A.B. asks: 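The following block contains the structure, expressed as structure tokens.
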There are 2 protein chains.
Amino acid sequence: MTELPERAIWYFEDYVPGRTAECGSFSLSEAEIIAFAKEYDPQPFHTDPVAAADGPFGGLIASGWHTTSAMMRLLVEHFISPQSSLGAAGVDEIRWPKPVRPGDTLEVRATVLEARRSNSKPDRGIVRSLAAVTNQHGETVMRVTAINLVRLRDPDA
Amino acid sequence: MTELPERAIWYFEDYVPGRTAECGSFSLSEAEIIAFAKEYDPQPFHTDPVAAADGPFGGLIASGWHTTSAMMRLLVEHFISPQSSLGAAGVDEIRWPKPVRPGDTLEVRATVLEARRSNSKPDRGIVRSLAAVTNQHGETVMRVTAINLVRLRDPDA
């Protein structure tokens, strides 16, 4: 069995505007969509395939929060480093321009938009990034602009 | 046993700017925080109480997406009606100004900010709302501005 190589640790200095990370892909099954929605977003077009077929989307679709959460996992694995991450201050915008349906193949890509050092805390900086989720038809199903706090590798440089 | 009264159905016409809905409260246990984060946001300050104690928040905190998803359930139960909801176009802003810790009591309140009819589709309108989550110390732990599409009760009025 081959060990996967350790992923490089990204610190603030590595989040250079324009830098992109391909974060892999995920898929949500009908059963997963229903289970998440029954717990967190119990609207009929997320929980009931029969009602959803007659609903506004002509079939079952994933909760936007399910898509967001599943995307987050890939960002944690490919774009955020546990050694440097100080959490997120928030999100500037989320859009869900197309619905996510069971079995869609959803690719995640993150791009650094802006990085600046904190004025008040010299050990960290603020990174704004755009994460985009694209389905197998090349349609963007989600865009999110996130604001993360990230430790510097070398605050004294 | 007394049946709870059926909740009134809100259509577009009911989302009057300034109108507020008290959506009740929720709480996330340490086990729930860890289970959600292991699946969707596996950063040590969400998944590992020991590492979290030495981490940036001095203890385990909930993933912002967990707080968001749990808040959503209360919005679905108290602010959104399945008869009129046509889903969300997106979110204009999320902020997590304070961390959520295991066992916090988190109250959810939604306020209508703006409501306008769709230019292209006469059967619906666009509602912008602010949802705020407040902990037992009166601190706001989350604010989100959401954009929902909502059916009119009477499009011909």
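Just so we're on the same page: letters track the sequence lines, and every chain starts at 1. Source: prediction; values computed, not measured.
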A.B. asks: Report, by ascending residue number, the residues of residues 88-115 of chain B in heavy-atom contact with chain A at a distance under 4.5 Å; give 'none' if the set is empty.
C.D. replies: B/A88, B/A89, B/G90, B/V91, B/D92, B/E93, B/I94, B/R95, B/W96
A.B. asks: With a 4.5 Å heavy-atom cut-off, do A/P82 and B/Q43 have their side chains touching?
C.D. replies: no
A.B. asks: Applying the 4.5 Å side-chain criterion to the ILVMFWY set and letting contacts propagate, would A/L149 and A/L152 be lumped into a single cluster?
C.D. replies: no
A.B. asks: A/L130 and A/L75: same hydrophobic cluster, using ILVMFWY side-chain contacts below 4.5 Å?
C.D. replies: no
A.B. asks: I'd like to verify something: which residue of B/M72, B/H46, B/R143 has the highest number of heavy-atom pairs under 4.5 Å with chain A?
C.D. replies: B/M72
A.B. asks: I'd like to know if B/V76 and B/Y11 are part of one continuous hydrophobic network [Ile/Leu/Val/Met/Phe/Trp/Tyr, side-chain heavy atoms within less than 4.5 Å].
C.D. replies: no
A.B. asks: At under 4.5 Å between heavy atoms, what parts of residues 18-40 of chain B are in contact with chain A? List them by residue number.
C.D. replies: B/F36, B/K38, B/E39, B/Y40
A.B. asks: Of all the heavy-atom pairs spanning A/L86 and B/P56, show the shortest one and how long it is.
C.D. replies: CD2-CB, 3.5 Å
A.B. asks: In terms of hydrophobic clustering (I, L, V, M, F, W, Y; side-chain heavy atoms under 4.5 Å; direct or indirect links), are B/W10 and B/F12 co-clustered?
C.D. replies: yes
A.B. asks: Applying the 4.5 Å side-chain criterion to the ILVMFWY set and letting contacts propagate, would A/V127 and B/F45 be lumped into a single cluster?
C.D. replies: no
A.B. asks: Tell me, side chain or backbone of A/P44 under 4.5 Å from chain B's heavy atoms, or both, or neither?
C.D. replies: side chain
A.B. asks: May I ask you to name which of B/P42, B/S81, B/A146 has the most heavy-atom pairs under 4.5 Å with chain A?
C.D. replies: B/P42
A.B. asks: With a 4.5 angstrom heavy-atom cut-off, could you sort out which part of B/I147 is near chain A: side chain, backbone, both or neither?
C.D. replies: side chain
A.B. asks: What is the distance from atom OG of B/S63 to atom CZ of A/R73, rounded to the nearest 0.5 Å?
C.D. replies: 12.0 Å
A.B. asks: Indicate the atoms forming the closest heavy-atom contact of B/F57 with A/G87, along with that distance.
C.D. replies: CZ-CA, 4.4 Å
A.B. asks: Tell me, for A/I61 versus chain B, whether the close heavy atoms (under 4.5 Å) come from the side chain, the backbone, both or neither.
C.D. replies: neither
A.B. asks: So which part of B/I80 gets closer than 4.5 Å to some heavy atom of chain A, the side chain, the backbone, both or neither?
C.D. replies: side chain
